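These numbers come from a predicted model, not from an experiment. Every chain is numbered from 1 and lettered A, B, ... according to where its sequence line falls, protein lines coming before strand lines.
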Amino acid sequence: MENKIHGEKKYDFKKAENKWQEIWDKKKTFAAKNDFSKPKFYTLVEFPYPSGQGIHVGHPRSYVALDVVSRKKRLQGYNVLYPMGWDAFGLPTENFAIKNKIKPSIVTKNNIKRFKSQLMALGVSFDWDREVNTTDPEYYKWTQWIFLQLYKKGLAYKSETMVNWCTSCKCVLANEEVVNGKCERCSNDVIHKKKSQWLLKITEYAQRLIDDLDLVNYPPRVKALQKNWIGKSVGAEIDFQTNQGDALKIFTTRPDTIFGVSYMVISPEHPFVEKWRNNIKNMSGIDEYVVASGKKSELERTDLAKEKTGIELEGIYAVHPFTGGKIPIFVSDYVLMSYGTGAIMAVPGHDARDWEFAMKYKLPVKEVIKGGDVQKEAYTDTLDGVLVNSEFLNGLKVEEAKNRIISELEKQGKGNKKINYKLRDWIFSRQRYWGEPIPIIECERCGYVPVNESELPIKLPDVEYYEPTDNGESPLTEVKEWVNVKCPKCGGDAKRETDTMPQWAGSSWYFLRYLDNHNSSCIADKKALDYWLPVDWYNGGMEHTTLHLLYSRFWYKFLYDIGVVPTKEPYAKRTSHGMILGENGEKMSKSRGNVVNPDEIVDKYGADTMRLYEMFIGDFEKSAPWSSEGIKGCKRFLDRFWGLSGILSSELEVRKELDCAFNKTIKKVTEDIENLKFNTAIASMMSLINEIYDSGKITRQELKIFSILLNPFAPHITEEIWDFCSLGKGMVCEEAWPEFDESKCIDKDIEIAVQINGKVKFKININSEDSQEEVFRLLEKNTQFKELIMGKELIKKIYVPKKLINLVIK
RNA sequence: GCUGCUGUGGCGAAAUAGGCAGACGCAAUGGAUUUAGGAUCCAUCGGUAGUUAAUACCAUGCCGGUUCAAGUCCGGCCAGCAGCACCA
């Protein structure tokens with residue numbers, strides 16, 4: 001039986017969606033124009049890693065949201081760039097390739113094909129001509145080029161450091177990739193290992209990465225996370241002389257408490273442990289401790305955070321810079337070599353960790369700031385504290401004492417003001433095959449030599465085996481004919497760097513390549529960079545806040561410094577979507593069996609319904625559970641929208657009685673899209689359609705406006721109704737976004753509430769243009785008012801224009 | 001422990017800037033249509049009391065405050081989520 005709503009013709013979403021997708025593709029409807037005189041708008045979503053599973057229902061939430069924004073901006077006359085590409089280097093592909101004996105390049109190609117067809121089936125208006133792929137040598141040529149520029153400026157360096165080593169991936173990880181002592185990707189244990197690695201000096205940009213957050217429109221929580229991650233602390237470095245002749249340099253944020261020092265602590269990796277070896281009386285005990293703490297995995301160190309351990313360096317002591325008193329020195333792994341100087345002055349009276357350690361090892365606790373009881377617990381809440389037992393600092397407030405002591409230290413040459421960051425340099429080498437080769441050659445005579453830029457790209461060799469090795473070397477070391485080269489400097493025998501770049505390399509600058517993706521002589525044409533940048537609106541996941549977002553800001557700032565890009569910050573506005581959870585409210589995963597397959601949804605309800613539902617599901621920034629019932633409401637709404645074609649009258653203009661409703665809806669949809677409130681934008685269109693059906697018909701202009709408003713959300717059905725009802729010459733997506741008239745958004749006849757002592761008692765009808773006097777005159781005529789007021793004393797009358805009246809009576 | 005966020009019907013959620021709490025949707029119930037199911041259309045739909053009702057009282061995690069008026073502002077709790085976590 002025919003599934004007829006109101007319409008003359010049933011809407012066949014499969015046929016229509018295919019038809020319009022083909023038309024858009026053929027006509028290149030959504031290609032950004034290289035007409036740099038037009039106002040531009042650059043919308044960007046995080047390009048996906050093309051995994052073997054195909055897209056997830058989470059992907060469209062981001063892509064459709066910015067598709068709605070992009071389509072609306074086009075209708076508003078902007079030259080919109082909304083591109084897509086593939087972040088295709090990475091371990092899952094490599095692991096899949098190893099397991100199934102298919103080359104990573106082939107796996108990648110297949111996955112991209114699948115992803116692309118899935119995205120096209122959703123009708124997302126990407127400009128496919130600008131597609132990029134990080135694994136394409138023509139792309140990673142420029143990733144390597146950027147690395148060389150960093151190298152030339154001294155921002156890429158190789159160094160032997162303690163690194164995070166994933167025992168399962170057999171690969172080093174950046175600090176940002178270690179989550180709770182486990183590998184971010186595979187959740188296996190991370191251990192510490194000494195290894196020679198390439199690092200990027202992101203720390204050099206720490207201050208600017210904080211400061212320039214003021215220049216951009218990011219959600220506060222994203223700014224907070226980034227600042228927190230960079231972790232700036234202001235304090236001082238102080239030299240404590242020792243009986244060994246060396247000065248022990250420490251970092252503290254509380255130089256004001258210097259008279260409360262009762263011992264010092266150095267990290268087990270501190271070089272003085274070795275240096276002082278011969279004079280340390282209990283060296284065998286120290287060795288034991290150092291070895292034991294070195295064996296602890298990242299996780300064990302965190303787990304053991306509660307119970308502090310340590311051992312005193314017998315025979316060694318430091319000298320207090322002001323009192324001249326002897327201070328014992330301990331080794332303990334609660335002090336990290338990677339932060340500050342790897343050594344601290346311990347003030348147990350005013351630091352909880354030092355207090356705990358002092359209790360365990362029976363060390364003295366001295367009060368230097370008045371307020372607490374330092375024998376019971378460390379007194380750390382000292383913002384308004386006053387110094388005591390501190391010689392020339394006595395009586396000063398904490399802030400004053402900090403300044404005083406720093407100037408004193410500087411005067412006497414015993415220390416200086418110092419700012420430290422938790423942020424560490426970015427460990428940039430990976431011992432795996434499927435990544436960009438690092439374009440460096442190691443020559444025995446010349447050291448590290450960058451390859452000539454004219455040789456780029458250094459292509460990944462085509463090999464048969466790419467298993468990670470147990471000895472911690474990249475599988476590329478086995479490819480002798482690739483590794484053995486001549487030194488570009490001296491011409492002698494040399495070897496290529498065999499480590500590859502991390503996955504975050506290609507994604508740190510991909511949004512620049514979209515601007516001019518076929519350029520073979522530079523990253524992108526200068527004019528294109530100047531015109532399109534910065535990205536006007538970038539949406540992505542919260543999980544990338546301390547990885548991709550921070551890394552790409554760093555690279556961009558570097559490119560700004562060398563004159564490649566025109567602005568200090570890459571993304572003018574950043575938003576984050578919430579996760580789509582399984583129907584049971586838990587994170588979607590195969591093991592939980594709550595995964596929703598987007599292909600099935602598109603097949604059953606159509607792309608428009610899928611798109612609309614993902615936008616209607618809830619607050620865009622919050623996570624929301626999928627509901628297989630809820631999606632039906634969106635399907636019903638689209639069916640009712642199609643049904644409008646069956647009640648289309650021959651009248652042309654918007655009817656007077658709906659003029660206000662239309663203006664209000666245009667206003668609501670226009671503003672809500674800008675403010676990420678897709679759910680309420682859709683709700684307002686649902687209300688409008690209810691009103692239209694109540695009126696029994698729709699005029700041509702009304703249907704035109706409705707179609708344009710709905711077009712960004714449901715692009716296929718709106719084109720189809722436009723065509724079917726011959727509403728205009730071209731396509732809906734080529735129309736102009738409707739304007740609203742603020743003055744028409746107010747109803748003439750309105751109902752306002754009358755409250756007595758703050759409680760609504762009844763309502764009266766007024767004209768919205770009525771003055772306060774007229775409203776009260778109307779009120780006094782009201783019988784309910786007379787009854788309620790009878791015998792009572794009216795103390796106060798409040799009128800909130802067009803909203804309510806509140807009467808205070810006794 | 002620190003930082004940030006969240007808490008509203010059976011469910012997803014709305015509520016400029018302190019001004020009628022629950023828009024919109026789902027589910028549910030009753031009815032129309034149908035051979036039937038589905039789809040569609042109409043109506044009801046926070047709770048308690050009240051014969052439907054009028055109406056009254058209660059209701060935005062809890063306790064208090066400011067105000068003519070509080071989901072919204074202030075103070076104090078509680079719960080949940082996320083991030084960081086020996087960062088001196």
Rounded P spacing from B:rG22 to B:rG71 in Å | 12 Å
Is a side-chain donor-acceptor pair under 3.5 Å present for A:E46 with A:H544?
-> yes
Rounded distance in Å - CD (A:Q226) to P (B:rC84) = 13 Å
Do A:N420 and A:S233 have side-chain atoms, one donor and one acceptor, less than 3.5 Å apart?
-> no
In B:rG9, glycosidic geometry as syn within 90° of 0 or anti otherwise | syn
Taking atom types as modelled, find out whether A:S267 and A:E269 have a side-chain donor-acceptor pair closer than 3.5 angstrom.
-> yes
Length of the OH-P vector between A:Y218 and B:rC5, whole Å | 19 Å
From the list B:rA88, B:rA27, B:rC68, which nucleotide is the closest neighbour of the side chain of A:I344?
-> B:rA88
Using a heavy-atom cut-off of under 4.0 Å over every strand shown, decide if A:N690 touches base, sugar-phosphate, or nothing.
-> sugar-phosphate
Would you indicate what A:T253 reaches in the nucleic acid, counting non-hydrogen atoms under 4.0 angstrom: base, sugar-phosphate, or nothing?
-> sugar-phosphate
Write out the stems for RNA chain B, ordered by first number and formatted as range with range, counting runs of at least 3 consecutive Watson-Crick or G-U wobble pairs under 3.5 Å.
-> B:1-7 with B:78-84, B:10-12 with B:24-26, B:28-32 with B:40-44, B:46-49 with B:55-58, B:61-65 with B:73-77
Return a table of donor-acceptor pairs under 3.5 angstrom between the side chains of residues 683-691 of chain A and protein atoms on other chains or two or more places apart.
residue : atom : partner : partner atom : Å
A:S684  : OG   : A:A681  : O            : 2.8
A:S687  : OG   : A:A683  : O            : 3.3
A:N690  : OD1  : A:R640  : NH2          : 2.8
A:N690  : ND2  : A:M686  : O            : 3.4

Quick one: A:L804 CG to B:rG19 P, roughly how many Å, whole number?
-> 9 Å
A:N164 and A:N175: side chain donor to acceptor below 3.5 Å = yes
A:F616: partners by ring pair (Phe, Tyr, Trp, His ring centres under 6.0 Å), with sequence neighbours left out | none
Please list, chain by chain and in numerical order, all residues satisfying side-chain hydrogen bond (donor to acceptor under 3.5 Å, both in side chains) with A:K249, sequence neighbours excluded.
-> A:D239
So what does A:S233 hit on the nucleic acid, given a heavy-atom distance under 4.0 Å: a base, only sugar-phosphate, or nothing?
-> sugar-phosphate
Can you tell me how far P in B:rU60 sits from the matching atom in B:rU51, rounded to whole Å?
-> 28 Å
When the distance from CD1 of A:I210 to P of B:rU3 is rounded to whole Å, what number comes out?
-> 17 Å
Can you sort out the partners of A:F357 under ring pair (Phe, Tyr, Trp, His ring centres under 6.0 Å), two or more places apart, ordered by chain and number?
-> A:Y263, A:F330, A:Y334, A:Y361
Mind checking the P distance from B:rG65 to B:rA56? Whole angstroms is fine.
-> 26 Å
Nearest-Å distance, CG (A:L225) to C1' (B:rA85)?
-> 14 Å
Picking from B:rA27, B:rA88, B:rG19, the nucleotide nearest the side-chain atoms of A:E629 would be B:rA27
B:rA69 and B:rC58: how far apart are their P atoms, nearest whole angstrom?
-> 15 Å
Residue closer to the 5' end of RNA chain B, A:D694 versus A:T252 (nearest nucleotide) | A:D694
For atom P, what is the distance between B:rG50 and B:rU40, given to the nearest Å?
-> 38 Å
For A:V808, report the nucleic acid contact type (base, sugar-phosphate, nothing); a contact means any heavy atom under 4.0 Å.
-> sugar-phosphate
Atom CE of A:M579 and atom P of B:rC5 are separated, to the nearest Å, by 19 Å
Protein heavy-atom contacts under 4.0 Å, written 5' to 3' over nucleotides 7-17 of chain B as B (base), S (sugar-phosphate only) or - (none), form the string -----BSSS--
Distance test, side-chain N/O of A:Y334 to OP1/OP2 of B:rA88, below 4.0 Å | no
What interatomic distance, in whole Å, is found between C1' of B:rG37 and the corresponding atom of B:rG10?
-> 26 Å
Considering just the side-chain nitrogens and oxygens of A:R636, establish if one lies under 4.0 Å of OP1 or OP2 belonging to B:rC26.
-> yes
Verify the distance criterion only: is there a donor paired with an acceptor across the side chains of A:S338 and A:R424 at less than 3.5 Å?
-> yes
Candidate list A:V596, A:L581, A:N594, A:N584, test side chain to side chain contact (heavy atoms under 4.5 Å, CB included), partner A:W626, passing option = A:V596
Between B:rG4, B:rC24, B:rG19, spot the one nearest the side chain of A:I798, thanks.
-> B:rG19
Ignoring backbone atoms, establish whether A:K759 has a side-chain N or O less than 4.0 Å from OP1 or OP2 of B:rC58.
-> yes
Rounded C1' spacing from B:rG12 to B:rU33 in Å | 31 Å
Separation between the P atoms of B:rG1 and B:rU8, rounded to whole Å | 25 Å
Which of these nucleotides, B:rA21, B:rA23, B:rA27, is closest to any side-chain atom of A:V760?
-> B:rA21
Kindly say if A:K796 contacts the phosphate of B:rC68, meaning a side-chain N or O under 4.0 Å from OP1 or OP2.
-> yes
Nucleotide B:rC81, atom C1' - distance to CD of A:E621 in whole Å | 16 Å
Under 4.0 angstrom between A:R221 side-chain N/O and B:rU6 OP1 or OP2 = no
In whole angstroms, the gap separating P of B:rC81 from CD of A:E586 amounts to 12 Å
The nucleotide from B:rC20, B:rA23, B:rC26 with an atom nearest the side chain of A:S687 is B:rA23
Between the base of B:rC68 and the side chain of A:K797, is there any donor-acceptor pair under 3.5 Å?
-> no
Under 6.0 Å from the NZ atom of A:K417, do we count more than 12 heavy atoms belonging to anything else shown?
-> no
Supply the atom-to-atom distance A:R611 CZ to A:I601 CD1, rounded to the nearest 0.5 angstrom.
-> 15.5 Å
Using the closest heavy atom to pick a nucleotide of RNA chain B for each, name whichever of A:T546 or A:S627 lands nearer the 5' end.
-> A:S627
